[in-house]
Structure formats: C-alpha cells, structure tokens
Undergrad: 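Here's a structure for you.
This one's a predicted model, so the numbers in the text were calculated from it and none came from an experiment. We number each residue from 1, following the sequence as shown.
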Amino acid sequence: MKIKCLPWMLLALICNAPAFSQQLFQTTQFQEAVNNQTRTNTGSPGNHYWQNRGDYTIHVNFDPASNVLSGEEIITYYNNSPDTLQKLILRLYPDIYKKGVFRLSEIADKDLNTGVSIDSMVIGNEAFSNFSDPGKAYHRNTNLFVRPQDEILPHSKVQLAIKWHYSVNTGSQVRTGMVDSGSYFIAYCFPRVAVYDDIDGWDTWSYNGTQEFYNDFSNFDVAISVPKNYVVWATGENLNASDNLGNTIIDKIEKASVSTAIVHVIDGTDYTNGDVFSPAASGIWKFVAKDIPDFAFAISNHYLWDMSSVLVDSITGRRTLAEAAFNPIHRDYFDVA
C-alpha cells in the first residue's frame with residue numbers, strides 16, 4: 001500500500017509547488033524595507049526606492065616596464081538615501097594580492113605584495129594620512145573604512161580626492177593582470193565607494209577572488225596613460241582615438257562603424273609597417289561611460305583588432321560597435337573571415 005500511495009504523494013507535492021515558490025523568505029531588514037516602501041513583497045522597487053551613485057573622474061598611469069599602476073581620482077558621491085552616513089567604505093580590490101588578506105583564490109608567491117598604497121586622500125575638506133586608526137580610517141581585508149568628520153546628510157553629496165598606486169600581478173590572474181609579455185587586462189584598479197542600499201545598509205563583503213561584485217551604477221570619465229607603442233581598449237566610448245592611432249587605422253575604424261562586415265582594424269602587417277600609431281601619439285587614451293557598475297581596460301603592443309557594427313535603432317540609424325582584440329597564437333583564436 002505504501003508503494004501504491006507514493007505517486008499520489010508526488011502529485012500532491014508537484015501541484016503545491018507553485019504555492020511554495022511564491023513565498024519569499026523575508027529577513028528583518030527586508031521587512032523593514034517593505035514597511036518603508038523601498039521594496040515590495042516580491043523584492044521589486046517600491047514607491048520610495050532609491051539608489052546611491054557616484055561620478056568618477058580618473059587618471060591612471062600604467063608602466064609595463066615596472067608593472068606599477070598609479071592613479072588619481074575625484075569621486076562625487078551622491079547620498080540619495082534618507083539616512084545620514086557616518087562612515088564610508090572604499091573598495092580596494094587589488095588588495096586580493098596583499099599579504100595576509102583572506103582569499104579563496106590561489107596567488108603566486110611573486111604576486112604577493114603590500115597591496116594598494118593610498119598616497120593621499122581628502123574627503124570634503126578633511127585630509128587623511130593615517131589608515132590604521134580604528135576610530136578614523138582602517139583596512140579590513142579588501143575594504144578601507146573611513147569616518148569623515150562631517151557626516152554625509154540625506155540627499156546630499158560629498159567629494160573624495162584620492163591618489164594611489166600598487167603593483168599589477170604578473171603570475172596569477174584573478175580576473176586582472178598580465179596576460180603575456182606586452183599585454184595586460186586591468187580590472188578593479190581604482191578605489192571606489194561600496195554600495196549602501198535600502199536593505200543591508202553598507203555592503204561590508206570583502207572580495208576573496210571568487211565572487212563577482214555588487215556596485216552602484218556610476219558615470220566614468222577616465223584617462224589612461226601608457227607608453228606610446230601600446231593600444232588601449234576600455235569600457236565605454238573612446239574620445240580621442242585619433243590622438244594615438246595612425247590614419248590607416250582610423251580609416252578602418254570609420255569603415256567598421258558603418259558596416260556589418262568584419263573589418264581587420266589592426267592586422268598582422270600593421271605593426272611591422274608602422275601603421276598602428278600616429279607619429280604624434282600622446283600615449284593618453286580617454287574614455288567615458290555612463291550608468292554602468294564598473295570600468296576596466298586592456299593594453300597590448302601586439303594584439304590584433306577586429307571590428308564591426310550593428311544597427312540598434314532603425315529610426316535614428318544609431319549603430320553600436322562590436323570589437324575583439326586578440327593574440328592569434330592563442331589556441332581559442334578562430335579567424336571568421
């Protein structure tokens with residue numbers, strides 16, 4: 001009899017499954033957000049939903065000879081919440097390579113270092129120089145906790161000016177670092193303000209090398225300085241390609257921007273023929289990106305570059321670029337044309 005009843009038991013569970021799936025587990029913090037109408041019971045934004053955000057103006061200088069990345073930035077942080085913020089948390093993701101930091105990814109011994117060095121930091125009108133004061137500014141794994149003298153009031157903004165530097169990893173890539181001699185993918189290279197949201201307040205989670213990130217949507221205006229014989233690709237729109245690339249390459253980019261065909265913007269002969277770079281190349285590459293959660297860039301002195309474009313708005317004729325930079329000796333390279 002028990003065996004005969006088993007299918008009916010399974011059927012009952014299946015029929016009742018939707019009822020179980022519609023029940024959203026609610027923490028105390030989530031229920032408070034529902035009460036405040038920043039969320040609904042389904043987790044969707046409520047009538048009083050808000051998000052904090054930031055504007056990042058960044059200048060990064062990367063020297064492949066020394067593998068040292070240095071930078072300075074101005075962050076305008078907008079507190080759109082109804083709360084007074086008594087502290088800020090800054091993400092220092094490159095500290096995943098810092099000695100003594102908790103991590104779940106294996107790091108080569110040669111990549112272990114002292115982490116991100118904050119050369120200077122000003123929040124509002126207050127300068128910080130000591131980052132080991134538990135009452136004022138201190139490190140905890142990949143986070144830097146800072147308590148400014150002036151609280152950040154609801155619906156106000158504060159400006160942060162930061163200068164920093166660190167050594168880029170060359171032997172163990174955790175989503176960032178040297179790819180090969182002359183090629184780098186650089187991610188998470190700048191100090192950024194952590195998320196403060198309507199459910200948990202400050203996100204204090206430290207990066208351990210395995211999870212992706214929870215970031216505010218922000219605007220980025222970034223200048224990247226590299227040696228003049230390197231090409232730079234980055235998040236967002238390149239504002240000054242003609243300051244660095246030769247006329248032959250610029251002509252190919254313009255062709256690709258109006259074509260669905262794959263254009264070999266930099267092919268195997270362009271480097272040897274000296275066509276890649278302008279004789280007056282500045283080595284400074286400028287990019288802007290709006291309403292995105294993160295910014296990254298890549299550089300190389302030998303990668304090839306394919307480009308095409310896709311029509312995304314038939315009314316206005318607006319197109320978006322599809323690009324691929326690659327080393328043809330890599331096993332996963334496949335020539336599609």
Undergrad: Looking at every heavy atom in both Asn238 and Ala241, which two are closest together, and how far apart are they?
TA: OD1-N, 3.2 Å

Undergrad: Less than 4.5 Å apart, any side-chain heavy atom of Val276 and any of Val231?
TA: yes

Undergrad: Could you go through Val193 and Ile75, starting from their C-alpha distance and side-chain angles, then the distance that decides it, and tell me whether this counts as side chain to side chain contact (heavy atoms under 4.5 Å, CB included)?
TA: CA-CA 9 Å; Val193 181; Ile75 307 172; 4.3 Å; yes

Undergrad: Are Trp233 and Trp285, when compared by the centres of their aromatic rings, separated by less than 6.0 Å?
TA: no

Undergrad: Go through it in stages, so that I can follow the logic: the residues are Phe297 and Phe287, the test is side chain to side chain contact (heavy atoms under 4.5 Å, CB included), and I'd like the CA-CA distance, side-chain angles, deciding distance and then a yes or no.
TA: CA-CA 10 Å; Phe297 69 94; Phe287 298 86; 6.0 Å; no

Undergrad: Tell me, yes or no, whether the heavy-atom count around Asp313 atom CG, taken from other residues, nucleotides or ligands under 6.0 Å, exceeds 12.
TA: yes

Undergrad: About how many Å separate CD1 of Ile262 and OG of Ser309, when rounded to the nearest 0.5 Å?
TA: 11.5 Å

Undergrad: Can you tell me which residue among Thr76, Asp216, Asp291, Asn215 is in a side chain to side chain donor-acceptor pair (under 3.5 Å) with Arg53?
TA: Asp291

Undergrad: Could you state the interatomic distance from CG (Leu144) to CZ (Arg91), rounded to the nearest 0.5 Å?
TA: 11.5 Å

Undergrad: Assess the pair Phe213 and Tyr207: is the distance between their ring centroids shorter than 6.0 Å?
TA: yes

Undergrad: Between Lys136 and Glu126, does at least one N-O distance fall below 4.0 Å, as a salt bridge requires?
TA: yes

Undergrad: Working to the nearest 0.5 Å, report the span between CG of Leu90 and CD1 of Ile123.
TA: 6.5 Å

Undergrad: Flag the pair Val232 / Val226 as yes when at least one side-chain heavy-atom distance between them is below 4.5 Å, and no otherwise.
TA: yes

Undergrad: Just verifying a value: how many Å separate Asp180 CG and Ile329 CD1, rounded to the nearest 0.5 Å?
TA: 7.0 Å

Undergrad: When you look at Asn143 and Asp95, which way does the side chain to side chain contact (heavy atoms under 4.5 Å, CB included) test go after all the steps?
TA: CA-CA 8 Å; Asn143 290 331; Asp95 274 357; over 6 Å; no

Undergrad: Tyr56 ring centre to Arg192 NZ or CZ under 6.0 Å, with the angle to the axis within 45°?
TA: yes

Undergrad: Within this structure, what is the CG-OG1 distance for the pair Asn67 and Thr170, rounded to the nearest 0.5 Å?
TA: 6.0 Å

Undergrad: Any ion pair linking Lys286 and Asp221 (charged N to carboxylate O, less than 4.0 Å)?
TA: no

Undergrad: Check whether the ring centres of Tyr271 and Tyr303 lie less than 6.0 Å apart, and answer yes or no.
TA: no

Undergrad: To check you understand the geometry: which heavy-atom pair defines the closest contact between Phe128 and Pro148, and what is its length?
TA: CZ-CA, 4.0 Å

Undergrad: For the CD1 atom of Ile250 and the NZ atom of Lys255, what is their distance to the nearest 0.5 Å?
TA: 15.0 Å

Undergrad: Over all heavy atoms of both residues, which pair between Ser257 and Glu254 is shortest? Give the atoms and the distance, please.
TA: OG-O, 2.7 Å

Undergrad: Looking only at non-hydrogen atoms, find the nearest pair between Pro82 and Pro154 and report the distance.
TA: O-CG, 3.4 Å

Undergrad: Under 4.5 Å between any side-chain heavy atoms of Tyr77 and Lys157, yes or no?
TA: no

Undergrad: Quick test of your reading: applying ring pair (Phe, Tyr, Trp, His ring centres under 6.0 Å), list the pairs with at least one residue in residues 143-168, sequence neighbours left out, ordered by first then second residue.
TA: Tyr138-Phe145

Undergrad: State, with a plain yes or no, whether a side-chain heavy atom of Phe30 is found less than 4.5 Å away from one of Asp200.
TA: no

Undergrad: Under the criterion side chain to side chain contact (heavy atoms under 4.5 Å, CB included), I'd like the reasoning laid out for Tyr97 against Val174: C-alpha separation, chi angles, the key distance, then a yes or no.
TA: CA-CA 9 Å; Tyr97 292 94; Val174 184; 3.5 Å; yes

Undergrad: Taking all atoms of both residues into account, what is the closest heavy-atom pair of Ile96 and Phe102, and its distance?
TA: CD1-O, 4.4 Å

Undergrad: A side-chain contact here means heavy atoms from C-beta on lying under 4.5 Å apart; do Val263 and Asp306 qualify?
TA: no

Undergrad: Taking all non-hydrogen atoms of both residues, which atom of Val122 and which atom of Asn125 are closest, and how far apart?
TA: CG1-C, 4.2 Å

Undergrad: For a 4.5 angstrom cut-off between non-hydrogen side-chain atoms, does Leu245 reach Ile253?
TA: yes

Undergrad: Any side-chain heavy-atom pair from Asp267 and Lys252 closer than 4.5 angstrom?
TA: yes

